[in-house]
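Note that the structure is predicted; figures quoted are calculated from it, not measured. All chains are named by letter (A, B, ...) in the order of the sequence lines, taking the proteins before the strands, and each is independently numbered beginning at 1.
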Amino acid sequence: MVRLPYVTALTTLFSYGLLFAFGQLRDFFRKIIDWFKSTSKDLKGYAPICLGLEDFYTRRLYLRIQDCFSRPIASAPDAWFDVVERYSKDNNKTLHRTSKTSKCLNLGSYNYLGFAAADEYCTPRVIESLKKYSPSTCSIRVDGGTTDLHMELEFLVARFVGKPAAITFGMGYVTNSAIIPVLIGKGGLIISDSLNHNSIVNGARGSGAAVRVFQHNNAPHLEEVLREQIAEGQPRTHRPWKKIIVIVEGIYSMEGELCQLPEIIAVCKKYKVYTYLDEAHSIGAVGKSGKGVCELLGVDPADVDIMMGTFTKSFGSCGGYIAASKEIVQYLKHACPAQLYATSMSPPAVQQVISALKVILGEDGSSRGAQKLAQIRENSNFFRSELKKMGFEVLGDNDSPVMPIMLYNPAKIPAFSRDCLKQNVAVVTVAFPATPLLLARARICISAAHSREDLLKGLEVISKVGDLVGIKYFPAEPPKHGHQAHKKVE
Amino acid sequence: MLSAAQDLVYGLLPTEEAEDLGLGSLRRHHHLGFLISDDEKSSYNYLKPGIGDLSSDVDLSAFGLGLEHRRYLLAFFSVFGVSIYFGFFCNTLPSFNFKAEVMATAVMNMTTAALDWVSIAFDAPLARAVVFGVHIDGHLVVEVLLIAVILFQLTRKSYKPPKKPLTEKEIDDLCEEWIPEPLHPPITEEMKLEPPTLESAAGPHTVIDGKEVVNFASANYLGLIGDDKIIDSCVASLEKYGVGSCGPRGFYGTIDVHLDCETRIAKFMGTPDSILYSYGISTIFSVIPAFCKKGDIIVADEGVHWGVQNGLYLSRSTVVYFKHNDMTSLESTLEKLTRGNKQAEKIRRYIVVEALYQNSGQITPLNEIVRLKEKYRFRVILEESHSFGVLGNTGRGLAEHYGVPIEKIDIITASMGNALATDGGFCTGTARVVDHQRLSSSGYVFSASLPPYLASAAIAAVDHLEDDPSLLTTLRSNISLLREGLSDLPGLTIASHPLSPIVFLKLKNPTGSFKNDLELLNKITERALKEDSVFIVSTKRSVLDKCRLPVGIRVFVSAGHTASDIKKVSDSLQRVAALVLAEHI
């Protein structure tokens, strides 16, 4: 967990206070200028699109550093990619693309297994499927949107994750937000980890079920909440809950932490509640054969009622799946709005997942899958331990390819991001609202496509910039490597 | 009733008696008000000398104070007595009137006697006690006591039943007893049905179970499935960018083709800017909550599809539905919401409509909507999933069809999975509208971006449409050809707009339940597929869908269909409908 130093908290709060004060001042002058300029009467009678301070954060804080986000790229998001250079004539309010690009080390994409770029096994098959099936079916799954590719993928996914059946969707976000309301409704209770992804939050909200939150990754607190809720029943009527679903993620994308799955499953089994595991970031990325957190932490997939995952990350495609018992899948196929109203998953993307899964399973006739899995684990653990040695505050667990580096102060967000980019390393920085206000961070995603030289180059740049920006919150360990890095800076 | 009771009190007690009892003062001090009468003044005057002389004449003052003191108690007892009487009177009206009267008098007399006694008992020992020049008498004692009691009561905490938290054992038992419902309802035969599996592209002709069929189930309106130019652009894109984008738009998931595609669509639509979403259905249900928050007003058509319904629900705004495609209903709804409501001007107001309703095949009268929107100052969110690339002379959608300037429509959303034969969706409007979504729209911010090859396909499709608007002429002539062929179907009637590429056939005599209707329709579609190799589909309704419009068969017409395809589907429907609906005509 994050331990926010007292001084840092104070300086961070002060920085935000200053930004807020200046923002208010600018708003004040903007109002006066607008009042003089106001000529258009067309909008009279309409309430503004954003009321009052609703977009204050965007206008006065985000826009100043918006060049650190949404950087366009002009190639596949492989280990190295081409970042398009942008310029602004109005203090970052609008950014314009140039035709210039710079080759950067990619430490930001969720390309865990390196399937993002053209692959010797996948790409020819994808192109073949594209020619055979076209990019789209223009139809929903239950009408004319089911091709034999879709059926093949569903069998393969079920086999891969170790569940009897599976169902696929064209988008990961929709998988969560459209499935949860079908499984549970009014009179039901969803107990959600406090750091769950927005798609789960929206799905839970859309379901009409009551939602309670338990402390992030804290099984004893989950038990406490469960006991209280089962004993109390529904609010006001005190009727027993119809059903309770506990929703957790395999790897929390902003924390890099693995789910405490064995403990949580034990609690859920004890209280007869259902479990819903979102493996968006963990499927394919962790576990000896890439089967996700269940494999890594030794949990039997049969103990997890609903296993959800996406194809966007490790498999380099798009879409999502739900793997569960045969009956649940039959019910979902019949009732889920994302099956009945949404265009089915694009056939070439389906083929990409099938091919990637075959490579991972070693069914392509090579050992590339196993190599990739070994590579990502080795890369992640090497990078994490090196970062820690340098004195960065790195969150998350070993084996997880996601590693956030804490930045805290708002000024350090653009400084870190821009300086890394200057030295051709592309990193992701995350701030409010994706994280709590005080806990801004940079997030590194390691890929199996990174070579050892790539990682060393990344570490060198991050270390240099880290010294410059002042985010080595812990004392560096004294081994040789750290010393050398230090000398270089001097 | 109250005045009756009042009269009764006065009727009951002769004035003198009332004065003797101190009822006069009672009336004055009584808070119920209705007891005050003309008698009040005189009785007050009668009492006054007694109080006034209290310092000089002990006896008199004792009497006077006694009266004063009695007044409090009497007030209480009298109210008590009156309420007893009142209650009695109400219950027994009117036969026991006399009896009640006697009883009330008796109660009054008894109370008076008791009070007299209490006063004397209090006053007697203290009659001459003076401490520091203050007479200590019954009056003071009672008042001090009363104050003490009031203070005592005020300082005490209000009564709460003692909380007994459940013991661990009890919670254990409760947890043990609790039996959750299963995650899914019982599986019916209907749920076990698998949809037909296509073995080739979903073009106008496709292969199901090894048999070539005519496909009227795909919304491939422009016939772009299998188009060489589109496939070529996809291949180029796949080779350059790979399949997935491996990241959300904010974190290196923005690829230059995404930006190109956004510009291309905005240019095509004649809007300042547009924004891409990675899935058609997520577009609308992310856009609505991005603009409408709690407290805002949304007026929506009752026939909108599930994606819109979900968006409306997630926005937590106040949603008011109007009758499906009924402009008078819309106008009266808007009128009701805004008339005399000064607050309404300060909150955001939106009208949400579908350009072409996929639930009915109807087209929304945009000119009327624009007139009403301007009159009542609402913004419009227009869902164009099935009309983009279909309506209008050059396929620019509903605004072009009605000749409405595009600026008049605030927000347009559409899925690209229909006419453009790719996937994903977009939203277009002013730069303000688009930029706002880039940080506030959850489906945009929190989802991986559209696979770049699908964005390339969208660009190629828009180019194709702009270069060759004759596709639209073909589509339109196909629609009218099909409508002609289906005009006199047994038991089924065409319910869609003449320009709608979804030809919506509903039952002439519905059975009265969705389920039975659907069963009949499914029988038709199944037989058409099996016996005539014609692939048509019926409406699907999820358990979550709140739309209550009638179900029907949807025939999706494409520009790729030939006259013989259309003849095949009309002949098949004629034949099968006659067989299946024989009893329902």
Side-chain angles (χ1 to χ4, degrees), chain A residues 45-47 58 69-70 72-74 76-77 108-111 116-117 126-127 130 133-139 142-144 146-148 151 170-171 173-174 181 183 198 206 227 230-231 240 242-243 271-272 274 312 316-318 327-328 330-331 334-335 337 340-343 346 349 352 428, chain B residues 166 171 174-175 178 180-181 183-184 187 191 195 197-199 201-202 217-220 225-226 234-235 241-244 246-247 249-252 254-256 259 278-282 306 310 314 346-348 377 417-418 421-423 439 442-443 446-448 451 454 457 537 540 542-544:
Chain A
Y46 291 96
T58 316
F69 306 97
S70 304
I73 59 172
S109 297
Y110 307 132
N111 174 26
V126 171
I127 289 176
L130 170 73
Y133 293 98
S134 266
S136 173
T137 61
C138 295
S139 187
V142 288
D143 285 354
T146 305
T147 66
D148 37 14
M151 300 306 282
M171 180 191 187
Y173 187 95
V174 166
L183 291 174
N198 181 279
R227 287 176 70 86
I230 296 176
K242 284 184 178 162
K243 49 187 149 186
Y271 293 95
K272 294 170 287 191
Y274 302 110
T312 328
S317 179
C318 67
E327 290 77 24
I328 292 178
Q330 273 173 346
Y331 168 59
H334 174 76
L340 303 184
Y341 306 119
T343 320
S346 168
Q352 164 76 15
V428 165
Chain B
L166 295 169
I171 297 180
L174 282 167
C175 292
W178 180 64
E181 281 180 11
L183 267 177
H184 57 85
I187 300 297
M191 291 185 196
T197 308
L198 274 61
E199 288 152 26
S218 291
N220 170 28
I225 287 184
C234 285
V235 171
Y241 302 107
V243 179
C246 284
R249 285 293 293 268
F251 306 146
Y252 304 105
T254 303
I255 297 176
D256 48 7
L259 301 172
S278 45
Y279 205 35
I281 202 165
S282 75
W306 177 81
N310 191 30
L314 289 176
K346 285 184 192 139
I347 47 182
R348 288 165 291 207
R377 308 269 180 205
N418 301 322
T422 160
D423 217 337
L439 268 196
S442 52
F446 294 102
S447 161
L454 292 173
V537 287
K540 301 291 182 295
S542 160
V543 283
L544 300 180

Quick one: does B:Cys175's side chain get under 4.5 Å of A:Ile230's, heavy atoms only?
-> yes
Toward chain A, the part of B:Leu439 with a non-hydrogen atom under 4.5 Å | side chain
Give a yes or no answer on whether the side chain of A:Tyr331 reaches the backbone of A:Leu183 with a donor-acceptor pair at less than 3.5 Å.
-> no
Most contact-rich option vs chain B, by heavy-atom pairs under 4.5 angstrom, among A:Val142, A:Thr147, A:Asp143, is A:Asp143
Would you mind telling me which of A:Asp148, A:Leu340, A:Thr312 has the largest number of heavy-atom pairs within less than 4.5 Å of chain B?
-> A:Asp148
Would you find a donor on one side and an acceptor on the other, under 3.5 Å apart, between the side chain of B:Ser218 and the backbone of A:Cys138?
-> no
In terms of heavy-atom pairs under 4.5 Å, which option from B:Leu454, B:Asn418, B:Ile171 contacts chain A the most?
-> B:Ile171
Heavy-atom pairs under 4.5 Å with chain A, option from B:Tyr252, B:Phe446, B:Tyr241 with the top count | B:Tyr252
Ignoring hydrogens and geometry, is there a side-chain-to-backbone donor-acceptor pair from B:Thr254 to A:Pro72 under 3.5 Å?
-> no
How about A:Val174 and B:Ile281: do any of their side-chain heavy atoms sit closer than 4.5 Å?
-> yes
Hey, does the side chain of A:Lys243 reach the backbone of A:Tyr274 with a donor-acceptor pair shorter than 3.5 angstrom?
-> no
Closest non-hydrogen atoms of A:Gly144 and A:Ser139, given as atom of the first, atom of the second and distance, are N-OG, 3.0 Å
Hey, which of B:Ser442, B:Pro451, B:Pro195, B:Ala457 has the most heavy atom pairs under 4.5 Å with chain A?
-> B:Ser442
When the 4.5 angstrom heavy-atom criterion is applied to B:Ile187 and chain A, the contacting part is side chain
Top contributor to chain B interface from A:Cys318, A:Ser317, A:Gly108 [non-hydrogen pairs under 4.5 Å] = A:Ser317
Sidechain-backbone polar pair: A:Ser134 side chain, B:Gly226 backbone, donor-acceptor under 3.5 Å | yes
Out of B:Gly280, B:Ser447, B:Gly250, which one racks up the most heavy-atom pairs below 4.5 Å with chain A?
-> B:Gly250
Tell me, side chain or backbone of B:Leu259 under 4.5 Å from chain A's heavy atoms, or both, or neither?
-> both
Checking B:Ile347 against chain A: side chain, backbone, both or neither under 4.5 Å from a heavy atom?
-> backbone
Segment of B:Arg249 engaging chain A (4.5 angstrom heavy-atom cut-off) | backbone
Of all of B:Ala219, B:Gly247, B:Ala217, B:Gly242, which one pairs up most often with chain A through heavy atoms under 4.5 Å apart?
-> B:Ala219
Go through A:Asn198 and A:Tyr173 one step at a time and tell me if the side chain to side chain contact (heavy atoms under 4.5 Å, CB included) criterion holds.
-> CA-CA 8 Å; A:Asn198 181 279; A:Tyr173 187 95; 2.9 Å; yes
Interface moiety of A:Tyr341 toward chain B, non-hydrogen atoms closer than 4.5 Å = both
